[in-house]
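Notes follow the structure.
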Amino acid sequence: MLVAQRVFAIAGKEIRQLARDRLTFGMVIGIPLILILLFGFAINLDVRHLRAGVVDEAGTQLSRQLVADLAASQVIDVVAQVGSVQALEEAMKRNEIVVGLHIPEDLERRLADPNRAAAQLLVDGTDPLIVGIASSLAAMPLSARPAVAAAPARTLLATRAFFNPEQRSAVMIVPGLIGVILTFTMVLFTSVAIVRERERGNLELLITTPVRTIELMVGKILPYIAVGLIQVTLILLVGVTLFDVPVRGTLGDLYLASVVYIAATLGLGLLISTIAKIQFQAFQLTFFVMMPSILLSGFVFPFDGMPTAAQYIAQVLPLTHFIVLVRGIVLKGAELTELLDPLRNLGIVFAISMTLAVIRFRKRLD
């Protein structure tokens, strides 16, 4: 009886401590809710509304009906009309579209010939899931196809995968893995930075020095930028030598994009460090950032297939923008000047997270 009383007394004390720790209690409730919402709502394998561009060289009623039929499937949304296949490829490099439709001049002649594909689907091969989904359009019944007496069943659209024609998973995963590893390590390292100083009693010493808050924050992240670049180099070397991942862009562009991304993730980690009171809470909040980053960034699931609300949430996550940058530079050979939007977004994330971290740190000092 006494043993049970002592056990229940300890359990009651633990429950009271948990209830007083609002951050931990919030994680107990919040993590299951967020995960079930992510997997049940945001993660959608029935991908729709892929951004598509069209080159219509036929310019006939039949070609326009073909485009309308494909759009009616809701698998693609036509967002661009361009003049050449090269323009489609350039739009893919800039991440403006992920699917291209090339309709040749002799569309009607091709439709009447069972041995030739009537048109061509050009797909961003950096995501094999998109290739498979877009390829399903080739077998769809379309009203634009004329009835051909006794014509055998055949493929209406030929599919061509750009940037990853062999559709190797390693080619898709390894560049994105750079961002995932950097997110985990950079956020984790800096999320405990201020907390560790407080636990060791060094924070009071820093406060008495002439060092300003912004100088303290910048000084905290500078060494980790070098650490992050070492990690980028290591992952690239392994990816190229072991998995034969091509690097089509310039290393200078890749490292410059990586510096901006590392700075954004470090700023996010510093913001976490101003929220957490102990290192365990910093670890919890790091996990809180990691799961949405992996699931919503486009690293695993196609970004275009996510609901609009999930896409808006993903814009807050640095990994979402770095996935576009690293795949564009490494796999598509894009120049950084062609990817200014995601680069700018990373700069905005860094500016906001650092500003909030400085404000919160000053409030805690007050």
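Quick note: numbers below take in every heavy atom, side chains included, and nothing from hydrogens, waters or symmetry partners.
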Q | Test item: side-chain donor near acceptor, Asp56 and Ser63, under 3.5 Å | A | yes
Q.
Taking Arg48 first and then Asp77, would you say they form a salt bridge - that is, a charged N and a carboxylate O separated by under 4.0 Å?
A. no
(Q) Could you walk me through whether Gln231 and Leu182 satisfy the side chain to side chain contact (heavy atoms under 4.5 Å, CB included) test, starting with their C-alpha distance in whole Å, then the side-chain angles of each, then the deciding distance to 0.1 Å, before giving a yes or no? (A) CA-CA 8 Å; Gln231 290 183 327; Leu182 286 176; 3.3 Å; yes
Q: Indicate yes or no: at least one non-hydrogen side-chain atom of Leu70 is less than 4.5 angstrom from one of Leu157.
A: yes
**Q.** CD1 on Ile235 to OG on Ser258, rounded to 0.5 Å
**A.** 9.5 Å
Q | Glu96: partners by side chain to side chain donor-acceptor pair (under 3.5 Å), with sequence neighbours left out | A | Arg94
Q) Counting only N and O atoms by type, is there a donor-acceptor contact under 3.5 Å from the side chain of Lys332 to the main-chain atoms of Phe163? A) no
(Q) Set out, in order, the CA-CA distance, both residues' side-chain angles and the distance that settles side chain to side chain contact (heavy atoms under 4.5 Å, CB included) for Leu236 and Leu254, then state yes or no. (A) CA-CA 11 Å; Leu236 273 180; Leu254 176 60; 3.2 Å; yes
Q: List in chain and number order the residues that pass ring pair (Phe, Tyr, Trp, His ring centres under 6.0 Å) with Tyr224, two or more places apart in sequence or in another chain; answer none if no residue qualifies.
A: Phe189
Q: Might you point out which heavy atoms bring Ala52 and Ile97 nearest each other, and give the distance in Å?
A: C-CG2, 3.7 Å
(Q) For the CG atom of Leu331 and the CZ atom of Arg248, what is their distance to the nearest 0.5 Å? (A) 6.5 Å
Q: Apply side chain to side chain contact (heavy atoms under 4.5 Å, CB included) to Leu50 and Ile130, showing your working.
A: CA-CA 8 Å; Leu50 300 174; Ile130 291 180; 4.1 Å; yes
(Q) What I'd like to find out is whether the side chain of Leu122 reaches to under 4.5 Å of the side chain of Glu89, using heavy atoms alone. (A) no
Q. Rounded to the nearest 0.5 Å, how far apart are CG of Leu251 and CD1 of Ile329?
A. 10.0 Å
Q) What about Val78 and Val85, same hydrophobic cluster or not, with Ile/Leu/Val/Met/Phe/Trp/Tyr joined at side-chain heavy-atom distances under 4.5 Å? A) no
Q: Can you sort out the partners of Ser353 under side-chain contact (heavy atoms from CB on, under 4.5 Å), two or more places apart, ordered by chain and number?
A: none
Q: Working to the nearest 0.5 Å, report the span between OG1 of Thr190 and CD1 of Ile262.
A: 11.5 Å
Q: Would you name the heavy atoms of Ala334 and Asp253 that are closest together and state the gap between them?
A: O-OD2, 4.4 Å
Q. Any side-chain heavy atom of Glu335 sitting closer than 4.5 Å to one from Thr250?
A. no
Q: With rounding to the nearest 0.5 Å, note down the distance linking CE in Met217 to CZ in Arg212.
A: 13.5 Å
Q. Only one of Val54, Val55, Ile76 forms a side-chain contact (heavy atoms from CB on, under 4.5 Å) with Leu101, so which one is it?
A. Val54
Q) Where do Val195 and Ser191 come nearest, in terms of heavy atoms and distance? A) CG2-O, 3.9 Å
Q) Stepwise, does the salt bridge (charged side-chain N to carboxylate O under 4.0 Å, His left out) test hold for Asp106 with Arg116? A) CA-CA 11 Å; Asp106 57 344; Arg116 302 175 70 189; 3.5 Å; yes
Q. So, Ser273 side chain and Val192 main chain: donor-acceptor pair closer than 3.5 Å or not?
A. no
Q.
Tell me whether Gln315 contacts the main-chain N or O of Tyr312 through its side chain, where contact means a donor paired with an acceptor under 3.5 Å.
A. no
Q) When clusters are formed by joining ILVMFWY residues with side-chain heavy atoms under 4.5 Å apart, either directly or through shared neighbours, do Leu229 and Met186 land in the same one? A) yes
Q. Do the side chains of Val349 and Val326 join up, straight or via other hydrophobic residues, at under 4.5 Å, putting them in one cluster?
A. no
Q: Answer yes or no: does atom CZ of Arg344 have more than 12 heavy-atom neighbours from other residues, nucleotides or ligands under 6.0 Å?
A: yes
Q) Do Met354 and Leu271 come within less than 4.5 Å of each other through their side chains, counting heavy atoms only? A) no
Q: May I ask whether Val79 and Val99 are part of the same hydrophobic cluster, defined by side-chain heavy atoms of I, L, V, M, F, W, Y residues being less than 4.5 angstrom apart, directly or through others?
A: no
Q) To the nearest 0.5 Å, how far apart are CG in Leu339 and CG in Asn345? A) 11.5 Å
Q. When you look at Arg160 and His102, which way does the side chain to side chain contact (heavy atoms under 4.5 Å, CB included) test go after all the steps?
A. CA-CA 11 Å; Arg160 176 185 172 192; His102 174 217; over 6 Å; no
Q: Please report the shortest heavy-atom distance between Val260 and Gly347, naming the atom on each side.
A: CG1-N, 4.1 Å
(Q) Do Glu338 and Glu90 make a side-chain contact, defined as non-hydrogen atoms from C-beta onward lying under 4.5 Å apart? (A) yes
Q) Is any side-chain heavy atom of Thr265 less than 4.5 Å from a side-chain heavy atom of Thr185? A) no
Q.
Once ring pair (Phe, Tyr, Trp, His ring centres under 6.0 Å) is applied, what residue pairs with a partner in residues 250-273 remain, sequence neighbours excluded?
A. Tyr261-Phe322
**Q.** Shortest non-hydrogen separation from Ala118 to Leu111 and the atoms involved
**A.** CB-CD2, 3.5 Å
**Q.** Phe288 and Gln284, any side-chain heavy atoms less than 4.5 Å apart
**A.** no
**Q.** Where Thr126 and Asp124 come nearest, the two heavy atoms and their spacing
**A.** OG1-OD1, 2.7 Å
Q | Side-chain heavy atoms of Met290 within contact of Val187, under 4.5 Å | A | no
Per-pair distances, 0.1 Å, donor-acceptor, side chain in residues 168-175, under 3.5 Å, sequence neighbours excluded:
unit_1, atom_1, unit_2, atom_2, d
Arg168, NE, Glu166, OE1, 3.2
Arg168, NH1, Phe243, O, 3.0
Arg168, NH2, Asp244, O, 2.9

Q | hydrophobic_cluster_shared for Ile178 and Leu242, side chain cutoff 4.5 Å | A | yes
Q. Is Asp113 salt-bridged to Arg110, cutoff N-O under 4.0 Å?
A. no
Name the atoms and distances for all side-chain donor-acceptor pairs under 3.5 Å in residues 293-306, with sequence neighbours left out.
unit_1, atom_1, unit_2, atom_2, d
Ser293, OG, Val289, O, 2.8
Ser297, OG, Ser293, O, 2.7
Ser297, OG, Phe299, N, 3.3
Asp304, OD1, Arg51, NH2, 3.0
Asp304, OD2, Arg51, NE, 2.5

